[in-house]
Amino acid sequence: MDIRFYNTLTHQERSFEPLEPPDIRIYTCGPTVYDFSHVGNFRSFLFSDLLNRFLTAAGYNVIHAMNLTDVGHMTEDDVADGAGEDKMAVAARRLKEAKKSGAVDAGAVEDPDNPYEVARYYAKSFIEDAKKLGMKLAWDYPGKVVHATDHITEMQQLIQKLVERDHAYVAEDGVVYFDVGSFPEYGRLSGNDIANLKEGEGGRISAEHQAAKKHPADFFLWKPDPHHIMKWDSPWGAGYPGWHIECSAMAMKVLEREVIDIHTGGEDNIFPHHECEIAQSCGVTGHEDFARFWMHPRHLFVEGEKMSKSKGTFYTVSDVMEGKVTGRPLDPGVLRFELIKTHYRANSNFTEKGLHDSANTVRRLREFRQNLLAGADSQVTEVDGSHPAVEGFLSALADDLNISAAMAVVFEWISQPVPDPVEALAAFDLINEILNVAPVSDATGKEVDLLVRSKDESKLDPEALCRGIDEARAAKDYATADALRDELVAHGYEVRTSPQGTTATRMLA
RNA sequence: GGCACCGUAGCCAAGUGGUAAGGCAGGGGCCUGCAAAGCCUUGAGCGGCGGUUCGAAUCCGCCCGGUGCCUCCA
């Protein structure tokens, strides 16, 4: 299969060949753990999950790593050289308030002033959400999903090497900066080459630190700072590492290579983060590339607009699953599908309508599988990539993860009569290894999707009501039958009557 | 100002040179006590203007619109 991906580095779609087949090494820029991740974050992480699952299905051995950024960075984006308030302090304050109001269990974070506890709390929450959404990587925590604070030594080693190789210098302000002038390739990824970078155009650099640098684009690797909450000893004084160095260090450490196959991260990471990562990593290793392919999913909008705190559209996974958008509990498989169904290189629009569409799709897929299961009568077989549906699905994805074309193959397939349910079941499960929505499975293939239990669910006995409907219908008491059905629908059930009787299932969204 | 990405029916979205996939919603029909689900059926000339070509949504140019980035936001 010819796999083609759009490579941000070359601005072109190119054939993808692993460096060491069948292994493929992927590094994904993960979340910061000072707060809950929102659905926009997860779109980006689920893109990397789709990539992982597709390459695995295509027969490769995917080695995938991700970081959790828990070094307390600074709040003031407009003073990006490291000023403002430590994000860990903000998180601590938020957690204290949440504990007071009961929004967070008192036992969840013993001491909000301990940044490690704060980070652990949000990291745990991130992994839980990732598991609900069926992200393979979540089951590799903590092996392949690693904390920055556990790798300070590796970062310092890289910084040391950069200083030795004259790619970095200690400036008058005591800060260790990367010297972009020493790396002519700077700008290759983003197109923001040194000559084109207008000083401070993004409004995030403070004049104070600019003065100490050789070039305005120089970025810090280590900053001695006695006021930083989390700090570590170093040859350059007690302080904390720069943002970019953690990914260089951890990718090399966890993936055990100086050059990896694919690096992913949200589009906002292209510059400066990934540009700087390349400069640092290649500065240390002397290789031409750090990652052969760079892939960047685009941002998520909510109801046609940028996500916004003031509009309350920074939805967390829990928000959406508890019904903040649709008004009723939502199946995690639906959220997963909603976040992966749009091509990763297009902005996607997260909407209530979209969630309902996705719920329909997920339900259709699950019912198709259930029918196959019934038709297969416990027989099991295996199919490979030559099965027409699987082949069509995989070749669509091989074209830069063309999920829409891939889904078209699935829809056309499942709307046709199935000649051999046993074979079709095997084919479907292969496809679902990638989609992972019908059902959502954990690392061992066990189903993980459970609707959040709504409060009134316990009071309702859907089976009894269904029996009541059937009895009323048998007695031609349609008024009673309709009333019972309305009650079920009002509680979020989908009611179907067939010659075999009435069934009620929870709506997925 | 610079560097990129995107612009196809009400919505989501494929197609990258030969007369527009697929899904959702909507209309009509079958089924149903009525519904739901399912099945059948139904709709656009591709942001605009030029150019290349026998032929362009697809290539080139310009313009318009949206988005991201220009130092710690996925």
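These numbers come from the heavy atoms of this one structure, side chains and all, not from hydrogens, waters or symmetry mates. In what follows, chains carry the letters A, B, and so on, assigned in the order in which the sequence lines appear, proteins first and then strands, with residues in each chain numbered from 1.
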Classify [X] by what it touches in the nucleic acid, base, sugar-phosphate, or nothing, heavy-atom distance under 4.0 Å.
{"X": "A/G40", "value": "base"}
{"X": "A/D268", "value": "base"}
{"X": "A/M307", "value": "base"}
{"X": "A/D35", "value": "nothing"}

For [N], give its Watson-Crick or G-U wobble partner with both distances under 3.5 Å, or none.
{"N": "B/A37", "result": "none"}
{"N": "B/C46", "result": "none"}
{"N": "B/C59", "result": "B/G51"}

Open item on the list: OP1 or OP2 of B/C5 versus the side-chain N and O atoms of A/Y6: is any pair under 4.0 Å?
Closed with: yes
Between [M] and [N], how far apart are the [atom1] atoms? Round to whole Å, please.
{"N": "B/A13", "M": "B/G7", "atom1": "P", "answer": "9 Å"}
{"N": "B/A44", "M": "B/A20", "atom1": "P", "answer": "11 Å"}
{"N": "B/C60", "M": "B/C6", "atom1": "P", "answer": "12 Å"}

- [ ] Could you check A/F411 against A/N402 and say which one's nearest nucleotide on RNA chain B is further toward the 5' end?
- [x] A/N402
Open item on the list: How would you summarise protein contacts on nucleotides 29-45 of chain B per nucleotide, using B for base, S for sugar-phosphate only and - for none, with heavy-atom distances below 4.0 Å?
Closed with: ----BBBBSS-------
Under 3.5 Å, N/O pairs linking protein and nucleotides 64-67 of chain B:
residue: B/U67; atom: O2; partner: A/R298; partner atom: NH2; Å: 3.2

Side chain of [X] - closest among [options]:
{"X": "A/N41", "options": "B/C73, B/C3, B/G22", "answer": "B/C73"}
{"X": "A/E412", "options": "B/G22, B/C3, B/A14", "answer": "B/G22"}
{"X": "A/K353", "options": "B/C69, B/A25, B/A74", "answer": "B/A25"}

Task: Geometric class of the A/H274/A/H296 ring pair [parallel <30°, tilted 30-60°, perpendicular >60°] - done: tilted
Open item on the list: Any donor-acceptor pair under 3.5 Å linking the side-chain atoms of A/H167 with those of A/S182?
Closed with: yes
Task: Between A/N192 and A/E275: side-chain donor-acceptor atoms closer than 3.5 Å - done: no
Task: N/O donor-acceptor pair under 3.5 Å between A/H228 side chain and A/K231 backbone - done: no
- [ ] Using the salt bridge (Lys or Arg N to Asp or Glu O under 4.0 Å) rule, collect all pairs that involve residues 396-417 of chain A, keeping only residues at least two apart or in two chains.
- [x] A/R345-A/D400
- [ ] Check the distance between B/A14's P and A/K341's NZ and give it to me in whole angstrom.
- [x] 12 Å
